[in-house]
Amino acid sequence: MDNINKTAEKNPATPANGVYVRGVIVSNRAKAFKRKDGTGTSVAVEHEVALQPGIATWVRYFEPRTDASVRVEGDTVVEFPRFKEFQQVTIRATRVKSDEHTGQLIIKAGELVS
């Protein structure tokens, strides 16, 4: 038990909790939207991950002004970070919810492990 506590104390930036989602990327898409407070445009990049059974959607948000990997022309997203389709991935999901209508898993916050 002490080893677990010492490991957590050594590296406090790595959360000990979370759900690991493993699946295959089946689609990538991006949507640009204007913020309600009028401070500019943001981009939501959605990756659909095929699970056994079902599909999970991983949503990541980017700022086109500060992130060079995202490019927006007008209201259209021209360039955004994509994963190779049919690539197997493992995501450590720190915030997960279920869609009320479809029951689909939505990963609100997470990081790519592999």
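On a predicted model such as this, the values are computed, not experimentally measured, just so you know.
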Value rounded to 0.5 Å, distance of OG1 in Thr102 from CD1 in Ile55: 10.0 Å

Derivation and outcome, side chain to side chain contact (heavy atoms under 4.5 Å, CB included), residues Ser42 and Phe62: CA-CA 6 Å; Ser42 289; Phe62 294 94; over 6 Å; no

Answer yes if Val26 and Val59 sit in the same cluster of Ile, Leu, Val, Met, Phe, Trp and Tyr residues linked by side chain heavy atoms under 4.5 Å apart, and no otherwise. no

Closest heavy-atom pair and its distance - Ala44, Tyr61: CB-CE2, 3.6 Å

Listed by chain and number, what are the side chain to side chain donor-acceptor pair (under 3.5 Å) partners of Arg22, not counting sequence neighbours? none

What are the two closest heavy atoms between Arg92 and Tyr20, and how far apart are they? CD-OH, 3.2 Å

Distance-only, no hydrogens or angles: does the Thr94 side chain make a donor-acceptor pair with backbone N or O of Ala109 under 3.5 Å? yes

Criterion side chain to side chain donor-acceptor pair (under 3.5 Å) against Thr57, the qualifying member of Glu46, His47, Gln104, Arg29: Gln104

Is it possible for you to say whether Leu51 and Ile25 belong to one hydrophobic cluster, with membership spreading through side-chain heavy-atom contacts below 4.5 Å? yes

Are Val49 and Val96 connected in a single hydrophobic cluster, I mean Ile/Leu/Val/Met/Phe/Trp/Tyr linked by side-chain heavy atoms less than 4.5 Å apart? yes

Starting from Val19, can I reach Ile107 by hopping between I/L/V/M/F/W/Y residues whose side chains sit under 4.5 Å apart? yes

Can I get a per-line list of side-chain donor-acceptor pairs under 3.5 Å for residues 75-89, giving both atom names and the distance, sequence neighbours left out?
{"from": "Gln87", "atom 1": "OE1", "to": "Lys84", "atom 2": "N", "distance (Å)": "3.3"}

In sequence, state the C-alpha distance, the side-chain angles, and the governing distance for Val43 and Val72, and then conclude on side chain to side chain contact (heavy atoms under 4.5 Å, CB included). CA-CA 8 Å; Val43 174; Val72 177; 3.5 Å; yes

Test side chain to side chain donor-acceptor pair (under 3.5 Å) applied to Asp37 - qualifying residues, sequence neighbours left out: Thr39

Side-chain heavy-atom pair Trp58, Leu112 within 4.5 angstrom cut-off: yes

Can you tell if the side chain of Thr41 reaches within under 4.5 Å of the side chain of Phe33, non-hydrogen atoms only? no

